[in-house]
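It should be emphasised that the depicted structure is a prediction, and the values quoted were computed from it without experimental measurement.
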Amino acid sequence: MPPSFAKAGSSGSEIDPPNAMVDEKRRKRMISNRESARRSRMKRQKYMEDLVTEKSILERKIHEDNKKYAALWQRHFALESDNKVLTDEKLKLAEYLKNLQQVLASYNVIESDQDLEVSDRFLNPWQVHGSVKFITASGMFKV
């Protein structure tokens with residue numbers, strides 16, 4: 001029988017010393033490998049936990065950014081509406097100013113041609129001038 005094999009039931013003192021060294025190295029290597037695998041699993045688990053944490057942070061940030069985007073879009077829409085109203089008002093005022101300038105220009109032309117007095121009718125258009133006829137209801141209701 002080869003010297004590397006020990007007999008069944010023999011004591012540990014009969015094991016070949018060179019094989020004992022190999023077995024001890026093998027046992028240490030297995031322990032080292034187990035420890036390395038445990039460290040690797042822990043490292044991978046921590047990495048996965050970090051990824052899950054980062055994912056939740058990013059999802060929260062996306063949610064907040066979407067709310068900000070919606071608010072900004074509404075503000076943009078409101079500003080565009082206000083801008084359209086103001087642009088329309090600007091055009092109306094520009095037209096009104098143009099008409100006033102034409103009236104003033106025509107008034108200046110008439111005034112330069114002759115001395116005309118401006119009637120109170122034009123200065124106070126809300127006042128009634130001339131003959132006023134009152135409407136009576138006496139003929140409207142007959143019994």
Check against salt bridge (Lys or Arg N to Asp or Glu O under 4.0 Å), K84 and D88: CA-CA 6 Å; K84 179 160 178 29; D88 291 345; 3.5 Å; yes
Is there a donor-acceptor contact under 3.5 Å from the side chain of T53 to the main chain of E49? yes
Would you check if L104 and N108 make a side-chain contact, meaning some heavy-atom pair closer than 4.5 Å? yes
Could you tell me the separation between the CG atom of L51 and the CD atom of E54, rounded to the nearest 0.5 Å? 6.5 Å
Could you check whether any side-chain heavy atom of R38 comes within less than 4.5 Å of a side-chain heavy atom of E35, counting everything from C-beta outward? yes
Distance col, row S36:OG vs R41:CZ, nearest 0.5 angstrom, shows 9.5 Å
Could you check whether any side-chain N or O of S32 sits under 3.5 Å from a backbone N or O of K28, counting only pairs where one atom can act as donor and the other as acceptor? no
So how far is it from R75 CZ to D82 CG, rounded to the nearest 0.5 Å? 7.5 Å
Flag the pair H63 / E59 as yes when at least one side-chain heavy-atom distance between them is below 4.5 Å, and no otherwise. no
Can you check side chain to side chain contact (heavy atoms under 4.5 Å, CB included) on M48 and V52, steps first, answer last? CA-CA 6 Å; M48 289 300 293; V52 168; 5.5 Å; no
Could you tell me whether the side chain of D23 reaches within less than 4.5 Å of the side chain of R27, counting heavy atoms only? no
Donor-acceptor contact below 3.5 Å, side chain T87 vs main chain N83: yes
CG (D65) and CZ (R60) are apart, to the nearest 0.5 Å, by 12.0 Å
How long is the gap from CG on L91 to CG on L86, to the nearest 0.5 Å? 11.0 Å
Nearest 0.5 Å, please: how far is CD in Q74 from CG in L79? 12.0 Å
